[in-house]
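Values below: all heavy atoms of this structure, side chains included; hydrogens, waters and symmetry mates excluded. One is the number of the first residue; the rest follow in order along the sequence.
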Amino acid sequence: MATVTTTALCLLTGAALAGCGGGGTGEDRPAGDILDEANARMRKLDSVTVDITNRTTSSGTVTSHLETDLDSRCRAKTTWSKGGTLEQIRLDGTNYVRPDRAYLQKWKNKPGVTGEQQLWVKTPVRQGAAGGAGLTSCERPFDSFGTAKKGASTRVGDTEAIELIVTDKADKAGTYTFYVAQEGEPYLLKTVYKSAAQQTTTSFSGFDERLSVRAPKPGEVLSAGG
């Protein structure tokens with residue numbers, strides 16, 4: 001009788017009521033399944049905006065803003081609290097990079113730079129692999145790992161979300177918390193990594209919004225050669 005009643009409610013409302021749908025709900029589904037679904041949905045995106053704030057006890061704070069198609073076209077801006085900003089545009093096999101004066105002075109050891117730097121440097125992507133000199137990759141893995149358990153229901157902005165707390169044997173010092181949307185698409189809205197020495201918050205927005213990533217104007221570009 002209970003099954004018949006639940007089925008009738010599902011048919012009448014067409015809504016995601018408790019018990020509707022073969023996959024179960026956020027309340028009764030395993031945490032690992034919810035996280036797997038969120039990561040799978042994120043991998044299918046055509047575009048997304050990623051904002052990261054990374055704080056460490058030794059190196060200060062680094063923030064970055066990334067608009068990406070998750071493949072080969074993206075635009076990023078990274079700022080260091082101890083000085084320096086680096087902008088980057090990646091279009092397929094080409095990087096356009098624009099460091100500011102503080103970045104060149106501190107991170108490239110060029111104290112003689114005194115004026116503001118307005119030009120972009122054009123280089124092949126192979127010369128600026130992700131992770132080198134602060135450059136960003138357009139890709140993101142969105143892979144599940146470790147052991148997940150459910151936390152509390154909460155809100156991220158205007159969206160109801162569920163916390164998924166993940167621990168991993170490969171990183172015994174830290175804990176990850178993933179926030180997955182409970183209404184609409186099962187997007188990954190935010191992740192927070194915490195350890196004694198580091199806290200990293202990554203927020204996702206602009207899901208499948210039109211991506212506007214263009215090369216700088218020719219007069220604003222210096223070529224570093226092939």
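A cation-pi arrangement is not found for Lys122 relative to Tyr96, the charged atom failing to lie both closer than 6.0 Å to the ring centre and inside a 45° cone about the ring normal.
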Exercise for the section: Kindly determine whether Thr79 and Val62 satisfy side chain to side chain contact (heavy atoms under 4.5 Å, CB included), including the steps that lead there. Expected result: CA-CA 6 Å; Thr79 303; Val62 181; over 6 Å; no
Practice task
Carefully, step by step, assess Thr68 and Val48 under the rule side chain to side chain contact (heavy atoms under 4.5 Å, CB included).
Solution key: CA-CA 6 Å; Thr68 177; Val48 68; 3.9 Å; yes
Practice task
Would you sort out whether Asp46 and Asp69 count as a side chain to side chain contact (heavy atoms under 4.5 Å, CB included), showing the intermediate values?
Solution key: CA-CA 5 Å; Asp46 291 323; Asp69 67 356; over 6 Å; no
Practice task
Start with the C-alpha gap between Ile52 and Thr63, add the side-chain angles, then the distance that decides, and say whether side chain to side chain contact (heavy atoms under 4.5 Å, CB included) holds.
Solution key: CA-CA 6 Å; Ile52 302 174; Thr63 60; over 6 Å; no
Exercise for the section: Just do the side-chain hydrogen bond (donor to acceptor under 3.5 Å, both in side chains) check on Arg210 and Ser212 with the steps written out, would you? Expected result: CA-CA 6 Å; Arg210 183 176 180 180; Ser212 180; over 6 Å; no
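Rounding to the nearest 0.5 Å places CD of Gln105 at 8.5 Å from CG of Asp100. Distance check, rounded to the nearest 0.5 Å: SG of Cys138 to CD of Glu67 gives 11.5 Å. For the atom pair Arg90 CZ and Ser137 OG, the distance stands at 6.0 Å (nearest 0.5 Å). In this structure, Ser144 OG and Asp168 CG are separated by 11.5 Å, a value rounded to the nearest 0.5 Å. In this structure, OG1 on Thr202 lies 10.5 Å from NZ on Lys190, to the nearest 0.5 angstrom. We find the NZ-CD1 distance between Lys194 and Ile165 to be 10.0 Å, quoted to the nearest 0.5 Å.
For Phe204, the ring pair (Phe, Tyr, Trp, His ring centres under 6.0 Å) test picks out Phe142, with sequence neighbours left out. For Gln198, the side-chain contact (heavy atoms from CB on, under 4.5 Å) test picks out Asn54, Thr56, Tyr193, Ser195, Thr200, with sequence neighbours left out.
Between Phe145 and Tyr176, the two ring planes are perpendicular [angle over 60°; tilted spans 30° to 60°].
With a 4.5 Å cut-off on side-chain heavy atoms, Thr61 and Arg55 count as touching. With contacts defined as side-chain heavy-atom distances shorter than 4.5 Å, the pair Leu45/Leu70 qualifies. Contact check for Leu189 versus Thr159: side-chain heavy atoms found under the 4.5 Å cut-off. You'll find the side chain of Leu66 stays beyond 4.5 Å of the side chain of Arg75, heavy atoms only. Residues Ile162 and Phe178 have side chains not in contact (no heavy-atom distance under 4.5 Å, counting atoms from C-beta outward). Between Pro216 and Ile89 the shortest side-chain heavy-atom distance falls below 4.5 Å. At a threshold of 4.5 Å between non-hydrogen side-chain atoms, the residues Tyr179 and Leu164 do not count as touching. Residues Val166 and Thr147 form no side-chain contact, since every pair of their non-hydrogen atoms from C-beta on lies 4.5 Å or further apart.
Across every non-hydrogen atom of Asp158 and Glu183, the tightest pair is O-OE2, 3.5 Å.
Hydrophobic clustering (side-chain heavy atoms under 4.5 Å, transitive across Ile, Leu, Val, Met, Phe, Trp, Tyr) groups Val221 together with Val213. Hydrophobic clustering places Val192 together with Leu35 (ILVMFWY residues linked when any side-chain heavy atoms are closer than 4.5 Å, directly or through intermediates).
Side-chain contact check for Asp92 and Ser72: at least one donor-acceptor pair (N or O, by modelled atom type) lies under 3.5 Å.
Ion pair Arg98/Glu220 not flagged as a salt bridge, since none of the NZ, NE, NH1 or NH2 atoms sits closer than 4.0 Å to an Asp/Glu carboxylate oxygen. Under 4.0 Å is where a charged nitrogen must lie from a carboxylate oxygen, and between Glu87 and Lys77 no such pair does. Electrostatic pairing of Arg41 and Asp208 counts as a salt bridge here, judged by a charged N lying under 4.0 Å from a carboxylate O. Ion pairing between a basic and an acidic side chain is recognised when a charged N comes within 4.0 Å of a carboxylate O; Glu163 and Lys150 show no such pairing.
For the pair Ser47 (side chain) and Glu209 (backbone), a donor-acceptor distance under 3.5 Å is present.
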